[in-house]
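Since the structure comes first, as structure tokens, the remarks are kept for the end.
Side chains are part of it too, since the values below use all heavy atoms of this structure and drop only hydrogens, waters and symmetry mates. Small disclaimer: the values here were computed from a predicted structure and weren't measured.
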Amino acid sequence: LNAAAAAVPGGPASAQLPRDLEALRHKEAVLVAVGDIAPVLRKQMGAEAFGAHMEPVLRAHALAELGSAVGFMRARAASLYAAMYRHLPFRDAGHFAQSAEALVGLLDDKELPVRVQAAMGLQHLVPRAAAAPLLLPRLAALVGRLFW
């Protein structure tokens with residue numbers, strides 16, 4: 001695509017792709033940055049304040065990306081949730097369950113980087129008591145997926 005076609009507002013869908021891709025790359029960068037600074041923020045703010053501020057942001061901006069049509073966005077969202085399972089005291093049980101269910105579902109993703117990030121996220125999901133009802137019924141399948 002040439003730059004002129006991409007700059008046409010309301011142009012054909014293919015002309016919108018570069019701007020959409022650019023927006024996704026910016027969002028990806030934000031997801032990476034949030035995951036990277038989470039431990040520092042939690043230490044400075046305290047766990048409760050960190051959770052109160054961060055969980056709504058995750059729910060609004062990262063949860064949907066676990067089901068994104070774009071693989072690198074699914075991988076980044078899985079990576080961010082892996083970091084948050086380490087650092088965030090989830091208050092909203094529904095949000096925790098939704099994100100955990102989506103993360104486990106990403107183990108079957110068609111793209112390897114997404115599956116890898118989902119598997120890495122499991123290590124931080126497993127120690128949480130709230131994850132047991134989700135993971136225990138699937139334990140045999142999970143072990144089979146990871147080791148076969």
Side-chain angles (χ1 to χ4, degrees), residues 1 6 10 12-148:
L1 296 174
S14 61
Q16 301 302 318
L17 184 60
R19 281 189 290 189
D20 292 345
L21 188 58
E22 187 67 21
L24 286 174
R25 292 204 187 279
H26 283 281
K27 190 167 187 178
E28 176 194 26
V30 170
L31 294 178
V32 170
V34 168
D36 287 347
I37 65 171
V40 175
L41 288 176
R42 182 174 187 218
K43 186 176 180 181
Q44 288 182 348
M45 297 172 71
E48 286 302 314
F50 175 72
H53 286 87
M54 187 57 69
E55 191 169 5
V57 171
L58 279 178
R59 190 180 318 107
H61 300 288
L63 185 61
E65 298 304 335
L66 289 170
S68 174
V70 181
F72 72 85
M73 291 304 293
R74 291 191 307 275
R76 290 298 179 245
S79 176
L80 178 59
Y81 270 98
M84 291 303 121
Y85 293 142
R86 263 189 317 237
H87 302 293
L88 184 68
F90 282 81
R91 294 178 175 183
D92 181 348
H95 176 219
F96 178 80
Q98 245 185 315
S99 66
E101 182 79 36
L103 187 75
V104 170
L106 290 177
L107 291 170
D108 291 325
D109 198 88
K110 63 184 177 183
E111 297 190 32
L112 179 62
V114 177
R115 293 192 309 266
V116 168
Q117 290 299 327
M120 291 174 67
L122 276 181
Q123 70 180 325
H124 304 294
L125 185 60
V126 167
R128 290 186 171 248
L134 169 70
L135 298 176
L136 286 177
R138 300 172 178 180
L139 190 58
L142 287 171
V143 170
R145 257 188 256 163
L146 294 173
F147 294 107
W148 303 113

CG of Asp36 to CG of Leu80, rounded to nearest 0.5 Å, is 9.5 Å
Distance col, row Met54:CE vs Arg42:CZ, nearest 0.5 angstrom, shows 12.0 Å
* Parallel, tilted or perpendicular, as decided by the 30° and 60° cut-offs, for the rings of Phe90 and Tyr81 -> parallel
Step by step, work out the side-chain contact (heavy atoms from CB on, under 4.5 Å) result for Arg76 and Glu65. CA-CA 8 Å; Arg76 290 298 179 245; Glu65 298 304 335; over 6 Å; no
Is the backbone N or O of Ala75 less than 3.5 Å from a side-chain atom of Ser79, with the two atoms forming a donor-acceptor pair by type? no
The reported gap from NE2 in His124 to CG in Leu103 (rounded to nearest 0.5 angstrom) is 10.5 Å
When every non-hydrogen atom of Gln123 is compared with those of Pro127, the smallest separation belongs to O-CD, 3.2 Å
Is it true that, when you exclude Met120 itself, more than 12 heavy atoms of the residues, nucleotides or ligands shown sit nearer than 6.0 Å to its CE? no
Quiz item: Does any N or O in the side chain of Glu55 come within less than 3.5 Å of the main-chain N or O of Asp92, such that one atom is a donor and the other an acceptor?
Solution: yes
**Asked** Side chains of Arg91 and Glu48: closer than 4.5 Å at any heavy-atom pair?
**Response** yes
Item to check | Heavy-atom side-chain proximity of Leu41 to His87 below 4.5 angstrom | outcome: no
Is the backbone N or O of Arg128 less than 3.5 Å from a side-chain atom of Tyr85, with the two atoms forming a donor-acceptor pair by type? no
For Ala77 and Ala62 the tightest heavy-atom approach is CB-O, 3.8 Å
Residues Ala118 and Leu106: closest non-hydrogen pair is CB-CB, 3.7 Å
* Minimum side-chain heavy-atom gap Leu135-Leu122 below 4.5 Å -> yes
Tightest non-hydrogen contact, residues Gly35 and Met84, listed as CA-CE, 4.5 Å
Exercise. Can you find a heavy atom in the side chain of Val57 that is under 4.5 Å from one in the side chain of Val34?
Worked result: no
Closest non-hydrogen atoms of Leu66 and Ala102, given as atom of the first, atom of the second and distance, are CD1-CB, 3.8 Å
Is Arg115 close to Leu112 at the side-chain level, that is, under 4.5 Å between some pair of heavy atoms?
yes
Q: Check for a donor-acceptor pair, side chain of Lys110 on one end and backbone N or O of Gly71 on the other, with a separation under 3.5 Å.
A: no
Output for pair (Phe72 CZ, Leu31 CG), nearest 0.5 Å, gives 10.0 Å
| task | Check whether any side-chain N or O of Arg74 sits under 3.5 Å from a backbone N or O of Ser68 as a donor-acceptor pair, and report yes or no. | result | yes
In this structure, CG of Asp20 is separated from CZ of Arg25 (nearest 0.5 Å) by 12.5 Å
Nearest heavy-atom approach of Pro137 to Ala132 is CD-O, 4.0 Å
